[in-house]
Amino acid sequence: MAIYQKEIECMERSELEKLQSERLVWQVKRMYERVELFRKRMDEKGLKPEDIHGIEDLHKLPFSYKQDLRDYYPYGLFAVPMTEIVRVHASSGTTGKQIVVGYTEKDLDMWSQCMARQLYAVGANEDDFVQVAYGYGLFTGGLGAHAGAQKIGATVIPISSGNTQRQIQTMIDFGSTILCCTPSYAMYLGEAIEEMGVKDQLKLKAGIFGAEPWTEDMRQVIEEKLNIKAHDVYGLSEIMGPGVSYECEEQHGMHVCEDMFIPEIIDPDTGEVLPAGASGELVFTTITKEGFPLIRYRTRDICSLNYEKCACGRTHVRMNKPTGRSDDMLIIRGVNVFPSQIEEVLLRVGGEITPNYLIIVGRENNTDTLEVQVEMSEHLFADDVKSIEKIERTIKEQLRSVLGLGAKVTLVNPKSIVRSEGKAKRVIDNRKLV
Ligand code: DLL
């Protein structure tokens, strides 16, 4: 398959829809045969694969949810034998247990095509040096960007995340031209570069930043500090990883790789499909994936789709920046965090603390901060500093091990956290990202 797929990205809409329809029919048929949960949901709706003739029937199909991945953990939703799965990745689940996704050789190739499209769209080619500062490992960022850069024949610098001084030195010494990392880390790098006074030694020209929400203001700051064009990239482990959609040179919405993923916008409460342009929950159907396909997957991301023709010539629909989520997932320093994961830790620690807590997320020096305030029990004396510090340390350690994140933990006096008359408000997010 050709690497540069501008023909696919610029297909006439009618041709694209024909391709999507053929692929959807293929996917529904094979999933009905291979994935027990999908067959069960189809049967409940009285639907057979023969009832699905093309994308006009998409809305009839049952939804799938993050909870399904948990219920069928780890491999119960895979559509091929494990001998054909060549890689797994994982992401946070709503509770302590992570969710697992799997890829066949062909899936990995398709994924690298997505990221290759992104790289071409920011003007990268085989002359470029791509510094991949997303984390490598079960998180899809590192290996996803890596494969795309390799696909276009660029030189990959697989440095992974963290170690800021080394990142900057490497950027200078190796002549990095493209930077891939989270937007908050890009901001942080920009500041460190300013402090070191080395901006004029950089060869960077573009950045590909995603995995968390970021604003147009942040884009401006990053572009100025790093002297680059900053592009947004979106993705989620369940659907593929980074590259499900990506910004082109116009920097005005992210083109969805529609030959692989069909997007819909629905009302998160009723499940009804909303008209083009409306804001609602983004839903994806994977029409080429072999290993771990999903039909009408509820991403919980809130955004809208823009079907207007883009000045770049690509016809694939653009999604606007997600403006929030229809569940309570937080993204802190690029890590997905569910409040229920924090609650589980607190319940496990138990003892001298009560289940009344508050999660406070903020931003200091362009870095997300996480504080967990927990009420101590009436039996603990406020002047027993040693015991208090010990409990705070235990919670902190457990949070780090479960979330992979450092947090400030503060034990507060009994009954000091404001009680709510309705649903408890457990999270205060002061970041104002949208
Ligand atoms: O964050 C995949 C990724 C890696 C995307 C690197 C882009 C770059 P997960 O860890 O499964 O996958 O988290 C997916 O992150 O449902 C969104 O809520 C959020 N998210 C991802 N990209 C963006 C973005 C990776 N550009 C969840 N803007 C998604 C806003 C984003 N939110």
Side-chain angles (χ1 to χ4, degrees), residues 65-66 69-70 88-94 98-101 103 111-112 114-115 117-119 122 130 132-149 160-161 178-186 207-216 218-219 222 230-247 251-257 261 263 268 281-284 286 292 294 297-304 318-338 341 368 403-405 429 431 433-434:
Y65 307 87
K66 194 159 198 154
L69 278 77
R70 194 171 144 71
V88 291
H89 278 281
S91 169
S92 319
T94 47
Q98 57 191 347
I99 54 142
V100 181
V101 298
Y103 305 78
W111 183 12
S112 66
C114 297
M115 278 310 292
R117 288 180 194 178
Q118 160 82 93
L119 282 150
V122 309
V130 181
V132 181
Y134 286 118
Y136 278 64
L138 289 173
F139 174 57
T140 52
L143 285 163
H146 182 113
S160 197
S161 55
I178 309 281
L179 174 66
C180 302
C181 62
T182 58
S184 46
Y185 194 52
I208 298 175
F209 307 126
E212 62 184 4
W214 53 307
T215 58
E216 286 303 325
M218 278 173 81
R219 191 202 303 267
I222 294 171
H231 299 262
D232 202 353
V233 61
Y234 168 91
L236 62 166
S237 322
E238 298 92 307
I239 297 303
M240 191 65 111
V244 170
S245 67
Y246 57 89
E247 247 179 19
Q251 296 177 298
H252 191 57
M254 295 176 273
H255 290 282
V256 176
C257 292
F261 317 110
E281 184 181 334
L282 180 62
V283 170
F284 277 115
T286 65
F292 176 62
L294 282 170
Y297 181 70
R298 305 273 305 251
T299 66
R300 299 293 175 190
D301 288 316
I302 303 291
C303 73
S304 59
R318 281 169 289 167
M319 58 177 268
N320 294 316
K321 273 182 181 297
T323 54
R325 294 192 46 96
S326 69
D327 64 4
D328 55 1
M329 187 177 94
L330 298 158
I331 306 182
I332 302 171
R333 274 172 258 146
V335 178
N336 302 350
V337 175
F338 288 94
Q341 292 176 285
D368 295 337
L403 307 174
L405 270 181
D429 193 340
R431 291 174 298 181
L433 278 168
V434 285

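Counting starts at 1 for both ligands and their atoms, following the listed order.
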* Taking all non-hydrogen atoms of both residues, which atom of C257 and which atom of G243 are closest, and how far apart? -> SG-O, 3.5 Å

* Run the numbers for me: atoms of ligand 1, each under 4.0 Å from some heavy atom of T140, listed by number. => 2 (C)

* **Side-chain donor/acceptor of E212 to backbone N/O of S184, under 3.5 Å** => yes

* Structure fact -> Candidates L143, L138, V233; heavy atom nearest atom 26 (N) of ligand 1 found on V233

* **Heavy-atom pair of closest approach, residues T140 and G241** => OG1-CA, 3.6 Å

* Structure fact -> Near G141 (heavy-atom distance under 4.0 Å), the atoms of ligand 1 are 4 (C), 6 (C)

* Parallel, tilted or perpendicular: which fits the ring planes of Y234 and F284, with parallel below 30° and perpendicular above 60°? -> tilted

* Exam field: side chain Y134 to backbone G210, donor-acceptor pair closer than 3.5 Å -> yes

* **Element-labelled atoms of ligand 1 that are located less than 4.0 Å from some non-hydrogen atom of I331** => 15 (O), 18 (O), 19 (C)

* Asked: With distance as the sole test, does W111 use its side chain to make a donor-acceptor pair with the main-chain N or O of G148 at under 3.5 Å?
  -> no

* Structure fact -> Which of K321, M319, Q251, Q118 passes side-chain contact (heavy atoms from CB on, under 4.5 Å) with D232? Answer is K321

* Structure fact -> closest protein heavy atom to atom 18 (O) of ligand 1 is D301 OD1, 2.6 Å

* Return the option from G235, C181, A90 holding the heavy atom at the smallest distance from atom 5 (C) of ligand 1. => G235

* For G210, the ligand 1 atoms whose distance to one of its heavy atoms is below 4.0 Å -> 7 (C), 8 (C), 26 (N)

* Structure fact -> Check: of C180, P322, A211, min heavy-atom distance to atom 23 (C) of ligand 1 comes from A211

* To do: Please could you name the atoms of ligand 1 that Y134 approaches to less than 4.0 Å, counting only its heavy atoms?
  => 6 (C), 8 (C)

* Give the residue and atom name of whichever protein heavy atom lies nearest to atom 11 (O) of ligand 1, and the separation in Å to one decimal. => S237 OG, 2.6 Å

* **Whether H146 and Y136 hold their rings parallel, tilted or perpendicular, with breakpoints at 30° and 60°** => perpendicular

* Close approach of F209 to ligand 1, heavy atoms, under 4.0 angstrom -> no

* Could you tell me the residue and atom name of the protein heavy atom closest to atom 24 (C) of ligand 1, and the distance to it rounded to 0.1 Å? => E212 O, 3.6 Å

* For atom 13 (O) of ligand 1, closest protein heavy-atom neighbour -> N336 ND2, 3.0 Å

* When rounded to the nearest 0.5 angstrom, what distance separates CZ in R325 from OG1 in T299? -> 6.5 Å

* Structure fact -> On a heavy-atom basis, the closest approach of A211 and T182 is CB-CG2, 4.2 Å

* Against heavy atoms of S91, which atoms of ligand 1 measure under 4.0 Å? -> 10 (O), 11 (O)

* To do: Examine D232 against ligand 1 and note whether any of their N/O atoms are separated by less than 3.5 Å.
  => yes

* Asked: Does R325 have a heavy atom less than 4.0 Å from any atom of ligand 1?
  -> yes

